[in-house]
Amino acid sequence: MEKGKLQEYWKINLGYLIGLLVTWFVVSYGFGILLVEPLNAIKLGGFKLGFWFAQQGSIYIFVLLIFVYVSLMNTLDKKFDVHED
């Protein structure tokens, strides 16, 4: 791959990583710690939503973000013709 395309590939890849990490941070730290009191006014399956995010939600979101990243990278790899067969 030529240098310009390689730099574009990594720029897009890092954009994906930053976006997904910010999402994970907002969900785990923001919802699980900073916004726990307002979220506790909402119930999810009998549990307070702030408690749920602190205990389970951030883990579920993290696993979901892994699948999103895999999907985004498969698409990016095909776009730059570096995908595996």
TODO: Evaluate the side chain to side chain contact (heavy atoms under 4.5 Å, CB included) criterion for residues Leu72 and Leu76: first the C-alpha distance (whole Å), next the side-chain angles of each, then the deciding distance (0.1 Å), finally the verdict.
DONE: CA-CA 6 Å; Leu72 289 171; Leu76 184 65; over 6 Å; no

Open item on the list: If you define the side chain from C-beta out and look only at heavy atoms, does anything of Tyr9 sit under 4.5 Å from Asp77?
Closed with: yes

Task: Distance in Å, Lys3 NZ paired with Glu8 CD, rounded so as to fall on 0.5 Å steps - done: 15.0 Å

- [ ] Treat each ILVMFWY residue as a node, draw an edge where side-chain heavy atoms are under 4.5 Å apart, and state whether Val27 and Val63 are in one component.
- [x] no

Open item on the list: How close do Asn13 and Tyr69 get, counting heavy atoms only, and between which atoms?
Closed with: OD1-OH, 3.2 Å

Open item on the list: Can you confirm whether or not the ring centre of Phe62 sits under 6.0 Å from the ring centre of Trp24?
Closed with: yes

Task: Shortest non-hydrogen contact from Phe51 toward Val36 - done: N-CG2, 4.2 Å

TODO: Taking all non-hydrogen atoms of both residues into account, name the closest pair between Lys5 and Phe80 and its distance.
DONE: O-CE2, 3.6 Å

Task: Cluster check Val22, Phe53: I/L/V/M/F/W/Y, side chain < 4.5 angstrom - done: yes

Task: Reported CD1-to-OG distance for the pair Ile59 and Ser28, which is rounded to 0.5 angstrom - done: 10.5 Å

Task: Closest approach of Leu35 to Pro38 (non-hydrogen atoms, all atoms of both residues) - done: O-CD, 3.2 Å

Task: Hydrophobic cluster membership, Val68 vs Leu14, 4.5 Å side-chain cutoff - done: yes

- [ ] Examine Tyr16 and Val82 and state if one hydrophobic cluster contains both, with Ile, Leu, Val, Met, Phe, Trp and Tyr joined whenever side-chain heavy atoms are less than 4.5 Å apart.
- [x] yes

TODO: Please report the C-alpha distance between Asn40 and Leu49 in whole Å, then the side-chain angles of each, then the deciding distance to 0.1 Å, and finally whether the side chain to side chain contact (heavy atoms under 4.5 Å, CB included) criterion is met.
DONE: CA-CA 5 Å; Asn40 278 340; Leu49 190 59; 5.7 Å; no

TODO: Mind checking the OG1-CD1 spacing from Thr23 to Ile61? Nearest 0.5 Å is all I need.
DONE: 9.0 Å

- [ ] If the plane angle is over 60° it's perpendicular, under 30° parallel, otherwise tilted; pick one for Trp52 and Tyr60.
- [x] tilted

Task: For Gly32 against Ala54, the heavy-atom pair lying closest together - done: O-CB, 3.7 Å

TODO: Check whether any side-chain heavy atom of Phe25 sits under 4.5 Å from a side-chain heavy atom of Leu21, and report yes or no.
DONE: no

- [ ] Starting at CD1 of Ile12, measure out to CE of Met73 and round the result to the nearest 0.5 Å.
- [x] 9.5 Å

